[in-house]
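To start, the structure itself, in structure tokens.
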Amino acid sequence: MRFTLSSTALNSRLQTLSKVINTKNSLPILESFLFQLRNGQLTITASDSENIMQSTLSIEGSDADGDFAVPSHTILDAVKELPEQPLNFDVNLSTFEVTVGYQNGQYHFAAQNAQEYPHNEPIAGDVHVITIDAELLSDNINRTLFATDNNEIRPVMNGIFFDLTADCLAFVASDGHKLVRCRNYSIKSEVPASLILPKKPATLLKNSLAKEHGDVVIKFNQQSAEIRFSEGVLICRLIEGVFPNYNAAIPKDNPNELSIDRKVLQSAIRRVLPFASMSSQLVRFRLDAGSLEISSEDLDFATSAKEQLICEYNGQPLQIGFRGDFLMEILNSIDTDEIKIQLGDPSRAGIVLPSTQPENEDMLMLIMPLLLND
């Protein structure tokens, strides 16, 4: 079996797919890529048994159809240093010997029988479908992924919750200390549906959709999802369970509102945070009309820092503490120049909002306060 394809196109797809493969696998064959030739198309598959990702490439000069598995390290090392040029594959499907010819030389290595490679079952049963723009999906995964939890005791918090209702599609993530809720009002359904996308497939999607255009189709049931985009498909197992009532955690009335330049606040927190306690990362906000004082201290090492910022503040004088690294994560995930922080009292969660919301969207981030010892 012979075929020809571009070295850079192959390398680009393999680099993306390689992120699916685990360092330790339950089946040795999962350390390989599955190559499948059908009708002048090459489909490459990578799997870790829970997540399956496929990408399709056009090839030239194909003289037969066939399947074989290639060790991932072998093929990755073979193509990553090659400049753009045609690669000529010659595969013996009886002995699984592979020869790859390129401009100044050739590689020779052994492939494996593809029959051992596990195949995915089609999505069936009570199936729901969401169609969403690739850039929109990528943006919302970027905004929410950092807030997912890592706690094995609460597995439902270890992914991004997609909540499709008659009003909107909400993307939600929380670890109990911070929460992100991004609503898109252009996507809705009279039939409510939801899914919890685990962290690994969410990260794979984020990387794959960075340069994508067009629609992404998410087809899912209670157990698994099939996510199709222009360059491939991702099939993954979903997190089963009931996501907490996230709307109940969001304060309805935080009357004290701070408006400030996001980058100015980031820079100030970055300067005072090294002087905070290593264990608590506590940063104190002292708010009064027109001013914000940010401070931190570590009594164990007798260090402290304080910085005064000009801001717009409408509300009562207030002192409240936040974990500085969590607040930085929230500020990093917002892209507007100015933000609003709505506060109630020192024991109530703070709400962080962009000054202007994206079109047809509503983005809200919540951070729990830390106890202040005065």
Side-chain angles (χ1 to χ4, degrees), residues 19-20 22-24 26 48-51 125-126 128 130 137 139-165 168-184 192-207 218 220-225 227 234-252 254 277-282 321-334 344 347-352 362-371:
K19 295 177 174 61
V20 181
N22 288 336
T23 51
K24 294 182 179 179
S26 54
D48 64 0
S49 75
E50 290 195 352
N51 303 288
D126 187 12
H128 302 274
I130 300 172
L137 179 57
D139 286 347
N140 281 286
I141 290 175
N142 275 316
R143 292 169 184 163
T144 51
L145 192 57
F146 78 93
T148 54
D149 202 357
N150 295 309
N151 195 333
E152 294 181 4
I153 298 173
R154 300 178 296 180
V156 293
M157 310 279 277
N158 295 352
I160 300 172
F161 182 51
F162 288 55
D163 190 13
L164 182 64
T165 65
C168 64
L169 172 62
F171 302 85
V172 186
S174 177
D175 62 1
H177 303 285
K178 51 189 181 290
L179 179 146
V180 181
R181 185 194 68 190
C182 299
R183 289 170 167 169
N184 186 284
S194 64
L195 65 97
I196 306 174
L197 184 67
K199 196 173 297 189
K200 181 172 179 177
T203 304
L204 292 168
L205 266 183
K206 182 184 77 167
N207 296 332
I218 305 172
F220 64 98
N221 57 21
Q222 282 192 326
Q223 291 81 33
S224 53
I227 304 166
L234 171 64
I235 299 159
C236 62
R237 192 173 297 169
L238 300 175
I239 298 172
E240 296 184 52
V242 179
F243 198 84
N245 183 358
Y246 57 91
N247 287 314
I250 300 170
K252 298 291 185 286
N254 274 9
S277 164
M278 289 287 288
S279 58
S280 70
Q281 300 281 295
L282 171 65
F322 296 113
R323 188 168 165 130
D325 53 348
F326 289 172
L327 188 54
M328 284 296 289
E329 287 181 321
I330 287 175
L331 297 176
N332 288 335
S333 65
I334 299 174
S347 63
R348 189 186 298 184
I351 295 173
V352 185
D362 171 26
M363 183 165 56
L364 174 150
M365 305 201 179
L366 175 150
I367 181 168
M368 295 301 294
L370 294 181
L371 183 65

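Just so it is clear, the model here is predicted, and its values are computed rather than measured. Position 1 is the first residue of the sequence; numbering continues from there.
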Practice problem: Find the distance between OG (S333) and CG (D139) and round it off to the nearest 0.5 Å. | Solution: 11.5 Å
Quiz prompt | Heavy-atom closest contact (G176 atom, M368 atom, distance) | solution = O-CG, 3.6 Å
Quiz prompt | Contact summary for L145 and A202, nearest pair of heavy atoms | solution = CD1-CB, 3.9 Å
Quiz item: Got a second to check how far I141's CD1 is from K199's NZ, nearest 0.5 Å?
Solution: 13.5 Å
Exercise. Could you tell me whether the side chain of N22 reaches within less than 4.5 Å of the side chain of D48, counting heavy atoms only?
Key: yes
Practice problem: List the atom of A147, the atom of V180, and the distance in Å for their closest heavy-atom pair. | Solution: CB-CG2, 3.7 Å
Exercise. Decide side-chain contact (heavy atoms from CB on, under 4.5 Å) for L164 and L169; before the verdict, give the C-alpha distance in whole Å, the side-chain angles of both, and the deciding distance to 0.1 Å.
Key: CA-CA 4 Å; L164 182 64; L169 172 62; 4.1 Å; yes
Practice problem: Begin from the C-alpha positions of C182 and T144 and carry the test side-chain contact (heavy atoms from CB on, under 4.5 Å) through to its verdict. | Solution: CA-CA 8 Å; C182 299; T144 51; 4.3 Å; yes
Quiz item: Is a side-chain N or O of N158 found less than 3.5 angstrom from the main chain of N151, in a donor-acceptor match?
Solution: yes
Exercise. Step by step, work out the side-chain contact (heavy atoms from CB on, under 4.5 Å) result for I227 and F220.
Key: CA-CA 8 Å; I227 304 166; F220 64 98; over 6 Å; no
Quiz prompt | Under 3.5 Å side-chain donor-acceptor pair for N254 and R348 | solution = yes
Quiz item: If you measure from CG on L205 to CG on N140, what distance do you get to the nearest 0.5 Å?
Solution: 12.5 Å
Quiz prompt | Whether S277 side chain and Q281 backbone form a donor-acceptor pair below 3.5 Å | solution = no
Quiz prompt | Side chain proximity check, F162 to I218, heavy atoms < 4.5 angstrom | solution = yes
Self-check item: Side-chain touch L137/F171, heavy atoms, less than 4.5 angstrom
Solution: yes
Practice problem: Find out whether I160 and V172 are in side-chain contact, i.e. whether some heavy atom of one side chain is under 4.5 Å from a heavy atom of the other. | Solution: no
Practice problem: To the nearest 0.5 Å, tell me how far L366 CG sits from I330 CD1. | Solution: 7.5 Å
Self-check item: Qualifying residues under salt bridge (Lys or Arg N to Asp or Glu O under 4.0 Å), relative to E240, sequence neighbours excluded
Solution: none
Quiz prompt | NZ (K24) with more than 12 external heavy atoms under 6.0 Å | solution = no
Quiz item: To the nearest 0.5 Å, how far apart are OG in S194 and CZ in F243?
Solution: 10.5 Å
Quiz prompt | Any donor-acceptor pair under 3.5 Å from K178 side chain to M365 backbone | solution = no
Practice problem: Please report the closest heavy-atom contact between G321 and L282, naming both atoms and the distance. | Solution: CA-CD1, 3.7 Å
Quiz item: Looking at CG of L234 and NZ of K200, how far apart are the two atoms once the value is rounded to the nearest 0.5 Å?
Solution: 10.0 Å
Practice problem: Assign the ring pair F326 / H177 to parallel, tilted or perpendicular, where the plane angle (0 to 90°) is split at 30° and 60°. | Solution: tilted
Self-check item: N-O pairing of R181 and D163 below 4.0 Å
Solution: no
Quiz prompt | Residues that T203 engages under side-chain hydrogen bond (donor to acceptor under 3.5 Å, both in side chains), provided they are two or more places apart | solution = none
Quiz prompt | Close side-chain approach of P198 to R237, heavy-atom, < 4.5 Å | solution = no
Quiz item: Taking all atoms of both residues into account, what is the closest heavy-atom pair of H128 and P192, and its distance?
Solution: CE1-O, 4.2 Å
Exercise. Of all the heavy-atom pairs spanning R183 and C168, show the shortest one and how long it is.
Key: CG-SG, 3.9 Å
Quiz item: Heavy atoms, side chains only, cut-off 4.5 Å: are I235 and N51 in contact?
Solution: no
Quiz prompt | Audit row: F322, L370, side-chain contact (heavy atoms from CB on, under 4.5 Å) steps and yes/no | solution = CA-CA 5 Å; F322 296 113; L370 294 181; 5.9 Å; no
Quiz item: Heavy atoms, side chains only, cut-off 4.5 Å: are L364 and I351 in contact?
Solution: yes
Practice problem: Please examine the side chains of L197 and C236, heavy atoms only from C-beta on, and report whether any two atoms are closer than 4.5 Å. | Solution: yes
Exercise. May I ask you to decide whether R154 forms a salt bridge with D175, counting only side-chain N to carboxylate O separations under 4.0 Å?
Key: no
